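In what follows, a single structure is set out as structure tokens and then discussed.
Please read these numbers as outputs of a predicted model, since none were measured by experiment. Numbers restart at 1 for each chain; the letters A, B, ... are given by sequence-line order, proteins then strands.
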Protein chains: 2
Amino acid sequence: MVSTFAPQAAGDLNFLKKLNRSSILGTVRRYPGATRADIAAHTQLTKATVGGVVQALLERGWLREGELQPRGGGRPGRALYLDDAHHVLLGADIGVRGLRVVACTLGGEVLLQRYVTEAPTTPEETATRLAEMLRVLRDDPVIVDRHCLGLGVTVPGPVAPEQPILRLAPNLGWIDVAFLEVLRPHLPDLDGAWLLDNEANAAAFGEFYFHDGIPPESIVYISAGSGIGSGLVTGDNYPLVPRGIQGLVGEIGHTIVQPGGLYCHCGNRGCAETLVSGWAIRAALGIADTEDLEAAIAARGDDPDVNAVLRRAGEALGTLMLNLHHTLNPAMLVLGGSLMHLGERLIAPALAYFEAHQNDLLRGTQRVPVKVIHDSTFTAARGAAAQVMAKAALEA
Amino acid sequence: MVSTFAPQAAGDLNFLKKLNRSSILGTVRRYPGATRADIAAHTQLTKATVGGVVQALLERGWLREGELQPRGGGRPGRALYLDDAHHVLLGADIGVRGLRVVACTLGGEVLLQRYVTEAPTTPEETATRLAEMLRVLRDDPVIVDRHCLGLGVTVPGPVAPEQPILRLAPNLGWIDVAFLEVLRPHLPDLDGAWLLDNEANAAAFGEFYFHDGIPPESIVYISAGSGIGSGLVTGDNYPLVPRGIQGLVGEIGHTIVQPGGLYCHCGNRGCAETLVSGWAIRAALGIADTEDLEAAIAARGDDPDVNAVLRRAGEALGTLMLNLHHTLNPAMLVLGGSLMHLGERLIAPALAYFEAHQNDLLRGTQRVPVKVIHDSTFTAARGAAAQVMAKAALEA
DNA sequence: ATGCTTTAGTTAATAGATTTAACTAAGTGG
DNA sequence: CCACTTAGTTAAATCTATTAACTAAAGCAT
């Protein structure tokens, strides 16, 4: 489960400095308006150390000073915030049914976004198209003068844990694509970190990293779209994204929840993806791949068949949530993906099932909160941008 | 997913020193016979740093020097090994059907072991019994002169991630037991680290930490006994044991693999534990709780009913293995627990199912190796000892 | 208004860890 | 016997964080 941001095994003084700088930056990210004194208390570093590092981060445009924070009967501290004016993070999402790009501030605010609803064909053509979109973004007056910290790209399939290679995207027909290498010639001037990750991993990372308020201890993001997958993020200052030995962590679409059930395209039977996924719902309702799923379902109105299919899919989603709860046990579950557009007929049964059963094992303990992102169009792209920032923060 | 050995967020020079010391120790553990030069190459530390730290570890009895390692055309290096002579690690396992204790060397060699087959009653009585067994061990001439680094205790249920509290052990009837606090008065003189963990977590840790040769990148240990659970370990020098927000990571016994299936004691239906676990097999074959499961099944010989039940349990185990593969994606799976005593009628179908399907998703990539521990009586206790060592290594 | 107290933040000296560079040690091979 | 290679040690240098003393800036009591 090596992570992109795994802590090193051993280190020198420079490593220690990076660690502390990243820790201080992470504290401000999670506690906007924190003062130097707050940071020192939180990180266990001394005021002197914090003061010096903060000074350097102010000069480099990573932090900015804000108003005075009154303290009870003492000198007020100076509030610190992430500097939203000098840097920009780029994120791109290659989805089965479209391409999305975003430009973000260090605080996760989306400055610019673009979306085209064309299905990707070959990696080369996709790279051409994506590069166009990114160039338009890069040249936009809103961000043209900012320093770009890098680009994160997400893909709908598992990525090898050690190298940025998409292993398999069944819904794109791509196998073993080193997409960053395909894209790089199209954007020779785009410097900074270049990252490639699975779409659900990136989305999970973004929800965690740019969480409003103090982030939960760990998050699992469930991405229900054409297929279904999930991403896990955990850690304090250094969010970890476990990928597993083959990048298959969170490939819940192919966990078996109905032995002897329907055949899945993976060759197995009873995979979760045969119950809750875009193509499973299309198959069950006879909706062609060319049609827009949301529109087709809306057109059928209050059809009992539709209701039954959505309810069963929702219950399967609830089962998956419960299984994730008992396997990864995250502090928060986030539901996203295009299937969320299908609304309460799918979402309500999922939540109801999970709510009813999550505490069967440990009675009386805290409930695991579930957040539903009804429109997650740019969630993965923004998450990819978050990963760029986390990477760059270590080098700041 | 905070781990017992989670890297700190920020640190001072002392933290850096501990990190590097632990890294050097970890290198020798994984590469017995490594020279100072090997360690320097592997950790990226300089020869000077390695030399100094090794000197300190030699003096404190953590390392010992061995023979000269010939190098091609240069001065031979001095082989280094974990010092097996000066320290001892204690591990204890509270199982549903017995108590086990072990004493280990730093290299994981079991010096002493004891086993009683009495079911634990109350925490207090269990502590009394366990303390007796540990005192006998501690007074044994083989280890009486060694410095004890601490004691690890395992329990058959989830442990809270931040505090050493057993949340729930359904098969013992224990709820929210701070067992170390119960045990401590019985062993006031036993100093060093005191740790409490879930039995599967500890077993996974031990299989990883004391692995012969270079350990895999991550391990999932599946413990199939009265119930069924699993533990995950990952990391290089600092093995991480993700526990989750409630300590439920790896609670695969309550993942649902058969919606609408049999009722589980947790209140839900179709849990894995209703298919593959000691009590599920007993229920299916009408074997009383007082009988020994292995003996009862052996007594029935080649009974078709028995064969069918074991085969179905094995297939459910294979399903669980596949689901873990697609959720945690470890580099290695280890099967253990008392159910392994039931033999090939159970194990073969599990392995066959997993082998047949593990690569459906990523064709042509490496297979995930599976190791079966046919007698895992002391595996968890030894793993608890391993955790003691990992903890102590940071303070060495 | 003044002074006391409290908290925030900076500065210079100190301590401590790793690195650098030069060295010694101990082999092989021509 | 000498050149070469690799292992390991040593002392000086470098760099980081801490310590301790300081300044800064607020509230509050007198």
Side-chain angles (χ1 to χ4, degrees), chain A residues 8-25 27-28 31 33-59 63-81 237 394 396, chain B residues 8-25 27-28 31 33-59 63-81 394-396:
Chain A
Q8 280 181 233
D12 56 9
L13 292 172
N14 185 41
F15 165 71
L16 187 62
K17 179 125 198 179
K18 282 160 73 167
L19 201 73
N20 288 343
R21 183 171 47 211
S22 177
S23 182
I24 287 168
L25 216 37
T27 303
V28 176
Y31 302 91
T35 65
R36 291 166 178 77
D38 293 334
I39 297 171
H42 190 264
T43 59
Q44 306 269 53
L45 297 168
T46 61
K47 288 190 297 176
T49 304
V50 172
V53 173
V54 165
Q55 190 54 41
L57 290 170
L58 287 169
E59 286 163 11
L63 294 180
R64 67 175 174 83
E65 288 187 320
E67 75 288 357
L68 287 174
Q69 300 276 40
R71 288 298 193 272
R75 170 177 168 178
R78 182 63 69 176
L80 295 166
Y81 298 92
N237 283 291
L394 279 174
Chain B
Q8 280 182 230
D12 55 10
L13 292 172
N14 185 41
F15 166 71
L16 187 62
K17 178 127 199 179
K18 281 160 73 167
L19 201 73
N20 288 344
R21 183 171 47 211
S22 177
S23 181
I24 287 168
L25 216 38
T27 303
V28 177
Y31 302 92
T35 65
R36 289 166 178 77
D38 293 334
I39 297 171
H42 190 265
T43 58
Q44 308 269 50
L45 296 169
T46 61
K47 289 190 298 176
T49 305
V50 173
V53 173
V54 165
Q55 190 53 41
L57 289 171
L58 287 169
E59 286 163 11
L63 294 179
R64 66 174 175 83
E65 288 189 318
E67 74 290 358
L68 287 173
Q69 299 274 39
R71 287 299 193 271
R75 169 178 168 179
R78 183 62 69 176
L80 295 166
Y81 298 93
L394 280 174
E395 308 299 331

In this structure, how many angstroms lie between the C1' atom of C/dA15 and the NZ atom of B/Lys17, rounded? 13 Å
5′-ward residue of the pair B/Thr46/A/Ala37 relative to DNA chain C: A/Ala37
Where at least one partner belongs to residues 43-59 of chain A, residue pairs that pass salt bridge (charged side-chain N to carboxylate O under 4.0 Å, His left out), sequence neighbours excluded: none
I need the full list of salt bridge (charged side-chain N to carboxylate O under 4.0 Å, His left out) pairs touching residues 69-78 of chain A, with sequence neighbours left out, sorted by first then second residue. A/Asp38-A/Arg71
Distance check: side-chain N/O of A/Asn20 vs OP1/OP2 of D/dA17, anything under 4.0 Å? yes
Could you tell me how far apart B/Leu19 (CG) and C/dA17 (C1') are, to the nearest whole angstrom? 13 Å
Length of the CG-C1' vector between A/Asp38 and C/dA8, whole Å: 10 Å
To the nearest angstrom, the CG-P distance between B/Leu16 and D/dT14 comes to 19 Å
Tell me whether the OP1 or OP2 atom of D/dG8 has a side-chain N or O from B/Thr35 closer than 4.0 Å. yes
Can you pull every protein N or O that's under 3.5 Å from an N or O on nucleotides 22-25 of chain D?
from   : atom 1 : to      : atom 2 : distance (Å)
D/dA24 : O4'    : A/Arg75 : NH1    : 3.4
D/dA24 : N3     : A/Arg75 : NH1    : 3.2
D/dA25 : N3     : A/Arg75 : N      : 3.4

Name the closest nucleotide to the B/Ala48 side chain, picking from D/dT18, C/dT20, C/dT10. C/dT20
From CG of A/Leu80 across to C1' of C/dA8 the rounded distance in Å is 12 Å
Whole-Å distance, B/Leu13 CG to C/dA17 C1', equals 5 Å
So which protein nitrogen or oxygen atoms get under 3.5 Å of nucleotides 1-3 of chain D's nitrogens or oxygens?
none

Using side-chain hydrogen bond (donor to acceptor under 3.5 Å, both in side chains) as the criterion, list what pairs up with A/Glu65, not counting sequence neighbours. A/Arg36
Between A/Ser23 and A/Leu19 (side chain of the first, backbone of the second, donor and acceptor by atom type, cut-off under 3.5 Å), is there such a pair? no
Can you tell me how far P of D/dA17 sits from CD1 of A/Ile39, to the nearest Å? 14 Å
